[in-house]
Amino acid sequence: LKLQFLYFIGMSGRMLWRLFGVVPDVGGKCEKVLLYVSLAIFWELYDLSLSMSALSHIAEEFKIEKSALAYATSFVRFGAFPALLLTQLADRFGRKHVFVTAVAGISITTCMTAFSMNVHHYVFLQMICRCFVELCSATGFVIVTEEFPAEHRGWGMGILGATGALGFGTGAIMFAAVDILPYGWRALYFLGIIPISLIPTLLRNIPETQRFKNLREQGGASVGVLGLLAKHTKRVVGVVVVCACFSAGNTGVFQFSGYHVLKVKKWFPWQLSMLVVIAGSIGVVGNVIVGRLGDSHGRKPIACGISLVYPALAYLFYHSDFILLSISWAALTFCSVVMNVLTRALSSEVFPTSCRSTAGGFVSASNAVGGVVGLALIGSGTTDHGLPDMVTYVAFLVIGSGFALLSLPETSGKELEAITSDTGSFV
């Protein structure tokens with residue numbers, strides 16, 4: 001049954017890819033790698049979807065006040081900091097086993113969240129889960145970056161983003177039944193145990209990247225966090241500012257979206273699910289299209305454009321009703337997923353093989369810092385201004401990521417070794 005399920009996913013994915021144009025000739029190995037990495041990313045976004053959709057139910061059961069919601073959810077973001085240290089393991093021992101371990105960690109902690117006895121248990125387990133989520137994302141994007149040919153890396157990462165959107169939408173579909181499922185939101189988290197059954201399959205089918213093998217054969221070694229900072233300060237700072245600014249503005253918009261439509265707009269859970277599913281469908285299509293555009297026209301112009309329109313979309317979502325709210329939500333979902341893919345892509349491409357995964361840890365930590373700062377700002381001003389207003393104000397921080405992108409090089413269509421080398425310095 002497991003093999004039949006994987007075959008179905010693989011064939012469905014290939015048919016989906018063809019809907020967006022001819023599948024590029026990347027070779028069977030790359031397609032296989034993309035398939036299995038995408039499976040893991042699917043479940044990563046499933047967990048993140050629940051943290052958004054089920055927030056109002058969790059807050060109601062644990063009796064969390066509205067003013068305390070931002071602080072409670074901000075603590076979960078601290079789970080990304082250990083990922084900064086753990087990503088170094090992928091540069092030292094290889095990408096494959098670290099990636100598969102992260103998938104197992106996501107599965108176990110998502111399932112354990114279903115048994116939370118109070119808000120402290122929930123936050124603690126989700127902190128650990130967030131650590132594994134960031135580790136999985138960082139190493140997964142590195143695997144695709146190192147295995148795909150330069151002219152099609154954007155397409156490959158677009159597929160990862162599209163699969164993530166599917167996972168997010170699946171969580172939303174399941175949430176529609178939250179009021180009839182036994183144990184409600186807990187049942188949704190319990191389903192997170194499913195990926196643990198895929199671990200043997202992932203171990204058999206995801207190879208170690210050829211670039212990492214070449215590095216080991218040449219006697220190369222991981223430079224670690226301090227070495228990365230010392231050798232590549234300018235690009236580290238650029239990536240950190242891009243990720244922190246976007247996360248600060250983006251986190252609150254999505255964290256409180258479910259709460260906003262259910263508690264403020266008085267929607268039913270199935271209506272929220274339909275909204276997320278439809279918007280997610282747009283995200284699936286958009287990710288692949290943007291991936292292709294990134295390969296042909298560059299990553300930076302797309303990311304800069306998104307950063308400029310994002311605050312306006314956030315305002316529309318939190319200050320309009322049904323039609324405009326739905327349209328702006330679809331656009332926000334598209335922008336958020338695309339920016340996540342683009343920032344992961346850039347952070348993977350602008351650093352050498354010896355510290356590529358470690359750089360992904362900086363992305364995770366930067367996202368965490370930005371998210372915590374954004375949620376703290378929202379929490380500190382909610383009493384005076386109201387939640388919708390504060391979320392909108394903080395969303396303007398996203399514009400800063402667009403300006404910070406100017407400090408990073410364009411990477412589309414270039415071989416990784418041409419962008420930077422393990423022994424070279426920055427251009």
Side-chain angles (χ1 to χ4, degrees), residues 5 39-64 68-80 82-83 100-137 163-199 251 254-259 261-263 268-270 272-277 280 368 371 375:
F5 170 74
L39 278 175
I41 299 297
F42 176 94
W43 287 103
E44 172 191 329
L45 268 293
Y46 172 83
D47 177 86
L48 295 182
S49 174
L50 295 184
S51 68
M52 180 208 76
S53 301
L55 182 62
S56 61
H57 288 68
I58 295 169
E60 183 177 346
E61 179 171 332
F62 293 145
K63 296 179 172 57
I64 307 174
L69 269 179
Y71 294 109
T73 53
S74 68
F75 275 106
V76 174
R77 298 298 190 285
F78 283 109
V100 175
T101 301
V103 175
I106 293 172
S107 180
I108 293 170
T109 51
T110 300
C111 179
M112 289 179 64
T113 301
F115 301 96
S116 301
M117 300 299 294
N118 52 50
V119 66
H120 304 294
H121 292 167
Y122 174 83
V123 169
F124 176 72
L125 288 169
Q126 281 296 289
M127 282 178 63
I128 300 175
C129 184
R130 181 55 61 96
C131 177
F132 286 118
V133 162
E134 298 294 345
L135 185 61
C136 176
S137 183
T163 309
L166 286 173
F168 200 88
T170 299
I173 292 173
M174 299 298 295
F175 178 72
V178 68
D179 291 330
I180 60 175
L181 284 172
Y183 306 106
W185 62 268
R186 296 176 183 273
L188 300 176
Y189 275 102
F190 183 77
L191 292 176
I193 197 63
I194 293 175
I196 203 72
S197 65
L198 301 175
I199 298 302
T251 299
F254 278 83
Q255 188 69 66
F256 298 109
S257 58
Y259 184 92
V261 299
L262 292 174
K263 295 298 184 180
F268 295 105
W270 68 266
L272 173 60
S273 294
M274 287 297 297
L275 177 66
V276 175
V277 169
L375 290 171

Taking all non-hydrogen atoms of both residues, which atom of [X] and which atom of [Y] are closest, and how far apart?
X    : Y    : value
V123 : F75  : CG1-CB, 3.7 Å
F168 : S49  : O-OG, 2.9 Å
F175 : P269 : CE2-CB, 3.9 Å
C131 : P82  : SG-CB, 3.7 Å

If you measure from [atom1] on [X] to [atom2] on [Y], what distance do you get to the nearest 0.5 Å?
X    : Y    : atom1 : atom2 : result
H57  : D179 : NE2   : CG    : 4.5 Å
Y259 : S56  : OH    : OG    : 8.5 Å
C129 : F124 : SG    : CZ    : 12.5 Å

Any chance CZ of F62 has more than 12 other-residue heavy atoms, nucleotides or ligands included, within less than 6.0 Å?
yes
Between T110 (side chain) and S107 (backbone), is there a donor-acceptor pair under 3.5 Å?
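Checking the backbone N and O of S107 against the side chain of T110, no donor-acceptor pair under 3.5 Å is found.
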Short side-chain to backbone donor-acceptor contact, S197 and I194, under 3.5 Å
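At least one qualifying donor-acceptor pair exists.
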Does the pair E44 and F132 meet the rule for a side-chain contact (heavy atoms from CB on, under 4.5 Å), with working shown?
CA-CA 9 Å; E44 172 191 329; F132 286 118; over 6 Å; no
Decide yes or no for [X] and [Y]: does some side-chain heavy atom of the first lie under 4.5 Å from some side-chain heavy atom of the second?
X    : Y    : result
P195 : I106 : no
W185 : L50  : no
F256 : L55  : yes
L375 : T251 : yes
V103 : W43  : no
F268 : L262 : no

Are a donor atom and an acceptor atom from the side chains of R77 and Q255 found within less than 3.5 Å of each other?
yes
Does a donor on one side chain and an acceptor on the other come within less than 3.5 Å for Q126 and T113?
yes
Among T109, I58, L125, whose side-chain contact (heavy atoms from CB on, under 4.5 Å) with Y189 holds?
I58
Sole candidate of D47, L135, L48 that passes side-chain contact (heavy atoms from CB on, under 4.5 Å) when paired with R130:
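Of all the options given, the one that passes is L48.
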ring-ring contact (aromatic ring centres under 6.0 Å, His included) between F115 and H121, worked out
CA-CA 9 Å; F115 301 96; H121 292 167; over 10 Å; no
Start with the C-alpha distance between R186 and E61, add both sets of side-chain angles, then the distance that settles salt bridge (Lys or Arg N to Asp or Glu O under 4.0 Å), and finish with yes or no.
CA-CA 11 Å; R186 296 176 183 273; E61 179 171 332; 2.5 Å; yes
Check this for me: does any side-chain nitrogen of one of E60 and K263 sit under 4.0 Å from a carboxylate oxygen of the other?
yes
